[in-house]
Amino acid sequence: MAGGSPGSSSRLTKGGLLWQLVCFLASLRVAVVLLTICALVLAAATFLEWRWGTEAAHYLIYQAWWFHLLIVLLSLSVLFSALVRFPWKRHHVGFLITHFGILVLLVGALLGLWFGVDAQLPVFEGQTAHRAFAQESQFVLTISPWARGSETGDVRSIVNSGGAGDNSPQGKIIRIPFRPGPFHWDSYSSWGIWLLGQLTPSRGVLYDDGNIRLEVLDYYRDADVVPAPALRLGVRKKDGSWEQRSFRAGHLTHSGMPHRSFAVGARQELPGGQRIVFWVASSRAEGEAFLKVLPNGELPPGGQLVLFHRGAVFRASVDELEAKGQAIFDLAKLRIRLSQVNQRFHGAVVDLEPLQAVGKAGQPASQSRRVILFADLVEFNRHDDYYGVYGAYWHDGAKAAEAVDSPSGQSASQETGTGEASPRPSGLSRPDRPRVDILQTVDGTLLYRACAKGKVLQSGVLPIDRTPVRLFAGLPEEFEIRVENWAPMDRPGELLRPLPLQSGSSRNFKQPFARVRLSVDNWSEEFWLEEQPASPFMEEEAEQYRRWVAGQGRSVAVDLVPRMFELGFVVRLHEFERRLEPGSKIPASYASRVDVIDRRDTGRVLVRDWWISMNRPLTVRDPATGYVYRLYQESYRGPFTPGDPLFERVVHGGEARQQLYLSWLAVSYDPGRGLKYLGSLLTVVGIIITFYMRGYFRSGGATQEERSMSAAVTPR
């Protein structure tokens with residue numbers, strides 16, 4: 001690598017402090033120390049990759065600031081060890097070539113670390129794909145104004161935060177890089193290794209501009225979603241004993257939309273006719289609205305609608321809404337339209353529209369949003385996060401009670417204009433009966449309100465220390481409840497449990513979650529945000545993962561997604577082949593037969609019928625950028641068979657296919673690959689020349705001074 005003491009002592013003093021620093025880095029002692037450190041670090045990286053996976057090794061070592069500094073110091077040591085020997089002589093040829101090769105190799109490694117691309121390309125059999133997903137995450141803020149004068153704010157800090165802004169049909173989009181690391185965040189605190197990773201970890205405030213603030217509070221690298229334990233209540237019976245009742249919130253999945261689910265609550269009816277309903281709030285606003293959307297005064301025959309928006313409350317008579325067709329919620333700058341009233345289930349459908357169109361030209365007008373409210377079946381209420389409107393429908397249920405209790409099963413109010421009786425009201429919807437609503441807020445607090453005949457008799461915080469609460473005091477339906485067992489839910493009916501990160505885990509596809517706080521115009525919401533997995537259906541499934549927070553005349557959505565970029569070519573997967581170990585279900589090998597097509601000229605096939613396997617990658621040049629990508633077979637999903645929702649979603653009825661695979665291809669771009677090859681070749685050539693010249697010197701064809709110099713610059 002270097003000589004023992006380059007230059008003389010007089011040269012050290014003549015050169016000054018800078019020359020002394022150069023000679024120090026060029027010394028053999030420093031080179032040995034740096035090489036020893038590199039060897040130990042690479043050994044540690046190998047252990048980390050075996051213990052926790054490739055991502056951990058990259059984050060803690062290969063992408064760490066101190067590792068890049070170590071490579072730079074080693075490169076300077078190699079460079080200076082050659083420069084201090086200038087002017088060079090004939091016996092320096094092998095030495096210079098070797099050192100130049102090492103320097104080229106190190107530069108290639110740095111280029112790969114700084115500018116390389118490591119991404120994934122998922123593609124179904126019989127389908128095409130051109131969007132690759134990098135091994136990086138980002139938050140996406142979508143600012144959607146829905147009233148004139150609600151501007152998106154100055155976005156100069158987007159550049160400062162490392163993000164990028166652009167426009168879309170949904171509004172202005174801000175992309176914020178997110179580098180959480182390969183572990184749960186509590187692991188960094190307990191291990192004390194946070195600074196070993198990247199210099200600027202993505203925790204705390206990531207964006208703060210234009211009255212929009214995004215803060216990341218916690219992070220799970222991989223978590224499992226498990227059913228939450230039920231809320232167990234004790235209900236005092238007439239004989240004084242306590243009866244146990246369990247309430248479990250959950251989700252409903254629509255058969256036509258397997259990727260969408262809807263949160264629902266749970267209810268039970270007591271022997272005395274009282275009903276207890278439990279559900280989980282989806283936002284801070286819903287929890288705050290629970291105790292504020294209460295009826296006021298005597299209810300009109302059609303009932304009363306009470307809506308909540310950013311602390312403001314709006315009340316409207318259903319009868320007046322039916323007569324006028326609309327009402328104005330001034331503080332929210334929204335127009336309220338009553339779309340439908342269902343007397344059978346005591347439900348009201350309300351459409352929300354902004355009072356004014358968006359002021360900026362070229363931006364689309366906001367769409368109408370819908371709120372569905374029930375007077376009794378409150379666990380099925382559907383609020384609107386986009387406009388931030390949460391509400392309740394209050395009805396005394398007197399007509400329904402008359403219809404149910406009358407011998408004929410109908411009342412005068414049920415007759416139609418033709419004299420025919422309308423359907424008998426369902427016994428499930430009885431807002432006249434006493435009902436206790438229990439809501440878990442996002443911070444885990446239990447709230448309750450006791451209702452009867454469209455009135456709220458009492459409300460407040462439900463204690464969780466088994467303290468009894470007396471409800472409907474002085475009425476025949478009076479009873480007591482207490483909380484026997486309760487564990488706050490992270491999401492309706494669900495708990496998030498961080499999984500231990502271990503090598504050899506069977507979970508090839510991790511599911512990260514970030515605890516974020518999004519503030520818009522002085523209103524903040526805090527929630528767990530699930531990272532949307534890389535998928536060919538990312539755009540279609542985005543609404544399932546997206547969270548909205550309403551501001552003043554605008555709404556802001558936040559998504560956590562992998563960084564996506566488009567390739568200049570299209571990969572068409574004709575066939576995926578999987579071979580199993582004999583007598584087992586363990587894959588022995590798998591491969592994908594693909595065509596690569598130029599996106600600019602769809603008739604131009606760049607590669608035809610190439611089998612990409614684990615040991616046979618495909619090299620292709622991107623026609624748009626000129627980058628040379630290598631495609632590897634990384635993993636797969638499937639097989640999916642007929643009847644599976646994903647199979648039915650991808651395979652059309654005319655295709656004769658009995659199974660379907662999703663192939664995951666690794667897309668790699670290394671701008672330093674050529675330099676690495678060249679540096680390795682030069683290093684080998686230089687070593688050969690050095691050993692050849694050493695033999696020449698030993699044979700007597702060199703002077704004594706040349707033999708001494710050769711011994712100093714060649715390994716022993």
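- Pairing each heavy atom of Leu307 with each of Val293, the nearest pair is C-CG1, 4.2 Å.
- For Arg370, the salt bridge (charged side-chain N to carboxylate O under 4.0 Å, His left out) partners two or more places apart in sequence, or in a different chain, are Asp351.
- In the displayed structure, Leu496 atom CG is contacted under 6.0 Å by more than 12 heavy atoms of other residues, nucleotides or ligands.
- Annotation for Phe537 and Gln532: closest pair O-NE2, 4.4 Å, computed over non-hydrogen atoms.
- Of all the heavy atoms in Ala228 and Glu494, the pair that sits closest is CB-N, 3.8 Å.
- Ion pairing of Arg267 with Glu379 is present here, as a side-chain N (NZ or NE/NH1/NH2) and a carboxylate O approach within less than 4.0 Å.
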| request: Test Tyr207 against Ile212 for side chain to side chain contact (heavy atoms under 4.5 Å, CB included), laying out the working first. | output: CA-CA 7 Å; Tyr207 182 82; Ile212 299 175; 4.2 Å; yes
Listing, residues 295-302 side-chain donor-acceptor contacts under 3.5 Å, not counting sequence neighbours, or none:
none

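- Atom CD of Gln326 has more than 12 neighbouring heavy atoms from other residues, nucleotides or ligands inside a 6.0 Å radius.
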Distance-only donor-acceptor hits, side chain of residues 471-480, under 3.5 Å, sequence neighbours excluded:
residue: Glu478; atom: OE1; partner: Gly474; partner atom: N; Å: 3.1
residue: Glu478; atom: OE2; partner: Arg470; partner atom: NE; Å: 3.3
residue: Glu480; atom: OE2; partner: Arg236; partner atom: NE; Å: 2.9

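- No donor-acceptor contact under 3.5 angstrom links the side chains of Ser535 and Glu541, judged on distance only.
- With contacts defined as side-chain heavy-atom distances shorter than 4.5 Å, the pair Val216/Trp185 qualifies.
- Asp396 has no carboxylate O lying under 4.0 Å from a charged side-chain N of Lys453, or vice versa, which leaves the two without a salt bridge.
- Evaluation of the ring-ring contact (aromatic ring centres under 6.0 Å, His included) rule for Phe178 yields Phe139, Tyr219 as partners, not counting sequence neighbours.
- Every residue was checked against the ring-ring contact (aromatic ring centres under 6.0 Å, His included) condition with Trp523, not counting sequence neighbours, and none meets it.
- Applying the ring-ring contact (aromatic ring centres under 6.0 Å, His included) definition to pairs two or more places apart or across chains, those involving residues 286-337 are Trp279-Phe290, Phe314-Phe329.
- A pairwise comparison of heavy atoms in Asp437 and Cys451 identifies OD2-SG, 3.8 Å as the closest pair.
- Residues Glu484 and Arg232 are not paired through a salt bridge, judged by the lack of any N-O separation under 4.0 Å between the basic side chain and the carboxylate.
- For the side-chain hydrogen bond (donor to acceptor under 3.5 Å, both in side chains) with Glu269, the qualifying choice from Arg430, Gln274, Arg435, Arg433 is Arg433, the only one to do so.
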